[in-house]
Amino acid sequence: MSCAKEELLAGCIARLIGDARHVAVGAASPIPAMAVFLLREMNRGRPRVSLLQKRSGNPFTEGSRELFDQAGQGRIDVFFLGGAQIDGEANINLVRAEGKRFPGSFGSAYMYFAAKKTILFREEHSLRVLVKKVEFVSAPGWSPPEVERHGGPVALLTGKALFLWQKERRRFQLQSVHPGSSAEDVRANTGFSYDAPALVPRTPEPTADELVLLRGSVARVIGENYPEFARRVWGALAGVGPA
Amino acid sequence: MSCAKEELLAGCIARLIGDARHVAVGAASPIPAMAVFLLREMNRGRPRVSLLQKRSGNPFTEGSRELFDQAGQGRIDVFFLGGAQIDGEANINLVRAEGKRFPGSFGSAYMYFAAKKTILFREEHSLRVLVKKVEFVSAPGWSPPEVERHGGPVALLTGKALFLWQKERRRFQLQSVHPGSSAEDVRANTGFSYDAPALVPRTPEPTADELVLLRGSVARVIGENYPEFARRVWGALAGVGPA
Amino acid sequence: MSALPANETRFLAGADALAREIPDGACIGLPPDYSPVAMAVVRALVRRGAKDLKLLGVPVLGLCADILIGAGCVREVETSAVTLGEAGLAQRFTAAAESGAVKIIDATCPMIHTGLQATEKGVPFLPLRGVLGSDLVKNHPDWKTIDNPYTTGDPILLAKAIVPDVALFHARWADEAGNVWVGRRGELATIAHASQACYVSFEELKRGDMLEDELLAPGCISSVYVTAVAPAPRGAWPLGVPGAYGIDDAHLQLYARLAKTAAGFQQYLDEFVLQPVSA
Amino acid sequence: MSALPANETRFLAGADALAREIPDGACIGLPPDYSPVAMAVVRALVRRGAKDLKLLGVPVLGLCADILIGAGCVREVETSAVTLGEAGLAQRFTAAAESGAVKIIDATCPMIHTGLQATEKGVPFLPLRGVLGSDLVKNHPDWKTIDNPYTTGDPILLAKAIVPDVALFHARWADEAGNVWVGRRGELATIAHASQACYVSFEELKRGDMLEDELLAPGCISSVYVTAVAPAPRGAWPLGVPGAYGIDDAHLQLYARLAKTAAGFQQYLDEFVLQPVSA
């Protein structure tokens, strides 16, 4: 790969977001943030991005409640969620697994219903993370028809592959495999069953133009809000990114 | 009388408020506002006063909702309500009577329950205002036991008299009659029945010290927020009040 | 009506351009007279002959409602009160209510805030204490009494979510990013959050993005909510803008005197509304 | 606990004096790491050996909770998450949760806001959309699913009103009237409104009354809600105060490294908490 894994993933997320109007990025999500800032560089400032933890110039003037209120008003098109465990029904678990305690559910149980599209994102792709059934449902991947729900999962992106969510079938479909992995590798490291085409495409890498942006203006804004992350990703690439 | 009617009434309200900690004053209530500012002058800045319509330095930093929220939190000790009609059960009507439309109920239906004490205040004392039964209940004077209610009426002050509310009996008791009126005059101009002692005391006038304050510092702060009212009351008293 | 979410605030030429965006029949959420009212846009609505508006007072109404009602622009009013404050009764409202020319839905202040907060939170209703036993409850089509589900024998009132088509108000500042600054007038934020579209006239333009300024941000309504803005210097006149100019009490007295009669009101319209005013 | 309404904000000498006001066993509402946390008071609570505290994360917790838990001050935590953000897991929280030493009530951010808003409005509950089907609902003692009373077959979740004993946070400014300025950190206002008592450490004192200043007022929490304040310059350190100083990321990394073990955590306490620090 001619790019960092984080750059590949950000490019992939940017394509998933597409032409959304307003994307919100929650706690500790530097790669989704990279994706949105990349899109904004390419699309003259669209989509609008609201970084929950933006250190200066935070987009919310009423405090942390406002993100959830905006989602409830239908003003958030895309949001991101991860999971200590994610299962084949797109349920996510952020609380506890195998005797281990994780930080907690954050706003997932709400945002998964209220944001129009949720992109599930977890770099670790293993049998430990991608399980048949989560031990604790922080937020359910689907809801019975009587439950009002304005949005849900559209995709699951990991360090090995991209799955798309099939709402009617309530199953993931393998969409592409990243460089360095393979359909077999993905199958062997995924604890839930999913659909897959006979021939699985390879996840496209960012274009040269996209890489220039990622390592330039995107790296600068990421560095302001996720300094450790930026140092790790771009620190190794001499001459790019924040000092 | 050696004082203006408004000054008598303000002095009377000040005594009714007593040692409250936080008094809120709603729309178009210059005489209650006079009373609170008089108390503050006498008691080194207590009680706290929140003037809903204070033109500069408004006490609410979250807009007009905050008064009601504070009342719901139990933070408002005393509030004031009037009525196009007020009846013997302390119901008030701010909506319509005898084919006439009035401005509306404002926050009365809520504040009458939420503020710990409500002082009913209406200068006009007539059979038209003080009726047997209001045509429209903007806010009820009492509630059945299953309805949660943190406060209610404590007194009704008019241009002729002061009544105290007897919560257990659900009736007013005539407490005093203002100079210029009499127990008979009050009885003849009150459309509801009420209790009264054999000998009805006369409402005390403000003391000389109170009058000095009313015409000095109180007049100045009232003039800032109720300019028309201040001109009317103190404009005639040469040398006092706002320019 | 524009679909949510609003994203890029449009900058329009002035009050008349804003008024053209507000369609006949719209339900407009409006602030009280002590919170900046977009009076220049209200006058422009009269000039363009707006019809069948529904006015929602958040939580009470004043001069703007009286003018729109008197000019025949209004079909329905939901409010906790209509008043000119110290200047007295809102006479055109009173006349229209007494004649039945305009339908009035009577509310009480916190129930209107509560209904808008329901929309702000994306829920179908919110509860409020008190109010029970008021005739307002009998007459209001959207309020409902339930038993507190956490206990028994504890009735509590619900406000159904209120969704205005349009939020309309005046701001001290707008900035180049489309944010508007309204200071401590939080009811304006509530209206903006709950409405399908939000139109704001502003006193002055600020360079840059006020959300980047820690001192200004707390008084801002983010451009997320703002459909379009337009400059209108002294656009709240004869009402005031805290920190900029006060209420023109003398003009309100003049209005109150003229508006006592339909003829006097027409004279007021001719002099102060139907001719664009540069006051 | 002081009885409502608070009226005259008391001015105390410093963080230790504030910490003495907060009794053992109190339920304390605390903001996230990106909203000014009264870290100096948190350290003072550890120094005074506070016990059996219940921490409420509004809506999440970070460093302050990890330190209080590690130091044995905490009986119970209700929160949507405990995290050190980029510095990684909150290790003392994790250890206490895994050993069962501290009871954890798991919530989700907007349900905590909603429960506090219920108290802010003086109602026993407020509804929220979503969340249904999450195991959080099964486990939370105070949430309840009802049918939307306005229709049928529409389940909706209720948050019971949350009433913290104490709100505790840090403010950029306090003024002589006892108002505090927190800018756009609205969660601090929500905690203050909902709590029985409110203690605020502040960076700097401003002369006069900020509510008289139209620019400052929108970011203020009125002294109505504030029980006592005390100066604590750099009192949020190693966390930040927007507009004043940023998060000390290097110190957070150091903390995260030490807090991986009980011994390392004790070393951190000895060096940075148990000796009053002038950082």
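Numbers restart at 1 for each chain; the letters A, B, ... are given by sequence-line order, proteins then strands.
In terms of heavy atoms, A:R48 sits closest to C:S222 at NH1-OG, 4.0 Å. Nearest heavy atom pair, residue A:H22 against residue C:V224, reads CE1-CG2, 4.1 Å. The two atoms that bring C:Y225 and A:E66 nearest to each other are OH-OE2, 2.7 Å, heavy atoms only.
Around NZ of C:K54, the count of heavy atoms belonging to other residues, nucleotides or ligands within 6.0 Å exceeds 12. The number of heavy-atom neighbours closer than 6.0 Å to NZ of A:K167, taken from other residues, nucleotides and ligands shown, is 12 or below.
A distance of 11.5 Å separates OG1 in A:T61 from CG in C:L216, rounded to the nearest 0.5 Å.
Contacts with chain A were tallied for C:E212, C:K121, C:E120; C:E120 has the most, counting heavy-atom pairs under 4.5 Å.
A:F113 does not touch chain C: none of its heavy atoms, backbone or side chain, sits under 4.5 Å away.
Residues A:E148 and C:P124 have side chains not in contact (no heavy-atom distance under 4.5 Å, counting atoms from C-beta outward).
With hydrogens and angles disregarded, a donor-acceptor distance shorter than 3.5 Å links the side chain of A:R75 to the backbone of C:H193.
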